[in-house]
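For reference, the structure discussed in these notes is given below.
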Amino acid sequence: MTPSSAADQHAAPAPAGEDPLIPVGVLGARGRMGTEVVKAVNAAEDLELVAMVDAGDWLFDVANAGARVVVDFTRPDVVMDNIRFCIDHDIHCVVGTTGFDEAKLATVAEWLQPKPDVGVVIAPNFGIGAVLLMRFAQEAARFFPSTEVVELHHPNKVDAPSGTAVRTARLIAAARRAAGVPAAPDATSDSLPGARGADVEGIPVHAVRLTGLVAHQEVLMGAGGETLTLRHDSFDRASFMPGVLLAVREIGRHPGLTVGIEGFLGL
Ligand SMILES: NC(=O)C1=CN([C@@H]2O[C@H](COP(=O)(O)OP(=O)(O)OC[C@H]3O[C@@H](n4cnc5c(N)ncnc54)[C@H](OP(=O)(O)O)[C@@H]3O)[C@@H](O)[C@H]2O)C=CC1
Ligand SMILES: O=C(O)C1=N[C@H](C(=O)O)C[C@H](O)C1
C-alpha cells in the first residue's frame with residue numbers, strides 16, 4: 001500500500017462550546033459504497049471526514065489523521081486485516097463489508113478482549129428496510145413449512161450469496177428451530193447441480209446477478225393454500241447511509257462486538 005494524498009485528509013478543531021465532531025476515516029473510499037459514505041459523512045454536521053483510504057493507500061493514515069471511527073466497505077479478503085489494525089489502534093469500526101462466518105466473528109471478539117473500550121459493529125446490511133425485512137422474516141418463520149430466500153444484485157458484486165441473504169436464512173433457520181418447525185418439505189432431486197440454490201442451514205438461497213439492479217431481496221414463505229412474500233429493494237446506495245451514520249454515531253457507546261444494527265434501531 002502507498003500513502004494517501006494530503007488532499008484526502010483534513011483535520012479541523014472542534015468548534016468551541018459545541019460537541020466535538022466525530023473524526024471518521026473511510027476504508028474503500030473510492031468504491032461504490034465508500035464514495036457514498038464519503039458524501040454522507042461530509043454532509044453530516046456532527047461528523048468530520050479525516051481520512052480516505054482505498055486499495056493502494058496506507059492504512060496508517062487513518063490512525064495518523066486521528067480517526068475515532070472507521071467505516072469499512074472494502075473486500076471480504078482484506079476486511080479482517082483492517083479490523084485488526086483499527087482495534088490495535090483503539091479505533092471503533094463500522095463494518096459493512098461482507099463474508100463473515102461464525103469463526104471470523106469469534107476472531108474479532110477475541111481481538112476485542114484486551115480492548116474493553118473499543119466497539120466494532122459488523123452489519124451485512126445498513127438499509128433500514130432490509131433490517132426490518134429480516135425481523136419480519138424471523139417473526140413469520142414459524143408459521144410456514146416452506147421458506148426460500150432470493151437475493152438479486154448488480155453483476156459487479158464480488159460475493160454470492162449476499163451477506164444479507166446468508167444472515168436472513170440463518171435467522172429464519174434459528175426461528176424455525178426454536179419453534180420446532182421440521183425441515184421444509186422438498187421431494188426434488190436436482191437434475192442440474194445448483195438448481196435448488198445454496199443450502200444455508202436448511203434454507204435454499206438463490207442469487208441473481210443482473211445489469212440494472214442494485215441490491216434486492218425476497219423471502220418467500222409457503223403454507224397450505226397461501227404464500228407470503230417479503231421484498232426489499234435498494235434502488236440507490238444512498239439507502240444504506242442513514243444506517244451507516246447511525247452506526248458511526250452509536251458505536252462509541254457500544255464497546256465489544258455488535259452484529260447488525262438492529263439494537264441501534266431499538267429493535
Ligand atoms: N452492509 C451493507 O449495507 C452493504 C455492504 N456492501 C458490501 O461492501 C463491500 C464493498 O462493496 P462495494 O462498495 O460495492 O465494492 P467496490 O469494489 O466498489 O469497493 C471496494 C473498494 O475497496 C477498495 N479496497 C480493496 N482493498 C482495500 C484495502 N485493503 N483497503 C482499503 N480499500 C480497499 C477497492 O479498491 P480496488 O477496486 O482498487 O480493489 C474498492 O475501491 C462488499 O463486501 C459488499 O457486499 C455493499 C453494500 C451495502
Ligand atoms: O454488494 C452489494 O451491493 C451489497 N452487499 C451486501 C450484502 O452482500 O448483503 C448488502 C447489500 O445486499 C448490497
Side-chain angles (χ1 to χ4, degrees), residues 1-4 8 25-40 51-62 67 70-86 93-101 104 120-134 149-171 198 200 205 207-219 231-248 258-262 264-265:
M1 295 192 286
T2 57
S4 62
D8 284 346
V26 179
L27 308 187
R30 296 189 184 91
R32 284 177 288 269
M33 282 298 289
T35 305
E36 205 63 51
V37 174
V38 164
K39 271 196 281 179
M52 295 165 61
V53 176
D54 210 76
D57 291 348
W58 270 5
L59 196 50
F60 291 101
D61 290 347
V62 171
V70 145
V71 180
D72 185 300
F73 284 97
T74 56
R75 297 177 56 93
D77 56 327
V78 303
V79 64
M80 289 297 277
D81 288 345
N82 294 347
I83 294 174
R84 181 77 210 236
F85 178 92
C86 290
C93 254
V94 172
V95 180
T97 306
T98 48
F100 285 87
D101 54 17
K104 285 186 179 175
V120 175
V121 55
I122 298 175
N125 205 308
F126 286 96
I128 309 296
V131 173
L132 288 172
L133 184 153
M134 285 189 258
V149 176
V150 184
E151 57 94 333
L152 311 91
H153 281 84
H154 60 94
N156 296 317
K157 182 165 175 53
V158 287
D159 54 342
S162 71
T164 308
V166 173
R167 181 159 162 80
T168 305
R170 286 195 178 131
L171 293 171
V200 179
V205 176
V208 175
R209 296 291 172 268
L210 208 66
T211 301
L213 294 182
V214 177
H216 317 259
Q217 175 164 286
E218 278 190 6
V219 175
R231 181 173 173 114
H232 175 256
D233 297 279
S234 275
F235 298 110
D236 189 308
R237 290 181 180 84
S239 62
F240 300 111
M241 294 308 120
V244 171
L245 295 186
L246 174 68
V248 168
T258 302
V259 178
I261 59 165
E262 294 88 324
F264 298 167
L265 289 166

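Just so you know, ligand 1 is whichever comes first in the structure, and atom 1 is the first atom listed for that ligand. The analysis underlying the following values was restricted to heavy atoms, covering all of them including side chains, and did not include hydrogens, waters or symmetry mates. By convention here, the first residue in the shown sequence is residue 1.
Between G127 and ligand 1, no N or O atom pair is found at a separation short of 3.5 Å. Taking only nitrogen or oxygen atoms, main chain and side chain alike, F126 reaches within less than 3.5 Å of ligand 1. Considering backbone and side-chain atoms together, A55 places an N or O closer than 3.5 Å to an N or O of ligand 1. The distance criterion of under 3.5 Å between nitrogen or oxygen atoms is not met by T97 with respect to ligand 1.
Of all the heavy atoms in P161 and V166, the pair that sits closest is CG-CG2, 3.7 Å.
Residue pairs meeting the salt bridge (Lys or Arg N to Asp or Glu O under 4.0 Å) criterion with at least one partner in residues 155-168, sequence neighbours excluded, are K157-D159, R167-E262.
Other residues, nucleotides and ligands place more than 12 heavy atoms under 6.0 Å from the CZ atom of R170.
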Pairs under 3.5 Å, nitrogen or oxygen of ligand 2 with protein nitrogen or oxygen:
| residue | atom | partner | partner atom | Å |
| --- | --- | --- | --- | --- |
| ligand 2 | 1 (O) | K157 | NZ | 2.9 |
| ligand 2 | 3 (O) | H154 | NE2 | 3.0 |
| ligand 2 | 5 (N) | K157 | NZ | 3.0 |
| ligand 2 | 8 (O) | K157 | NZ | 2.6 |
| ligand 2 | 8 (O) | G163 | N | 2.9 |
| ligand 2 | 9 (O) | P124 | O | 3.4 |
| ligand 2 | 9 (O) | G163 | N | 3.2 |
| ligand 2 | 9 (O) | T164 | N | 2.7 |
| ligand 2 | 9 (O) | T164 | OG1 | 2.5 |
| ligand 2 | 12 (O) | H153 | NE2 | 2.6 |

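Contact annotation for A123 and ligand 1: only backbone heavy atoms (N, CA, C, O) come within less than 4.0 Å of the ligand. At a 4.0 Å heavy-atom cut-off, ligand 1 touches V78 through the side chain alone. The proximity of A130 to ligand 1, defined as any non-hydrogen pair under 4.0 Å, does not occur for either the backbone or the side chain. With a 4.0 Å heavy-atom cut-off, ligand 1 is reached by the side chain of R75 but not by its N, CA, C or O. Residue R237 does not touch ligand 1, judged by heavy-atom distances below 4.0 Å.
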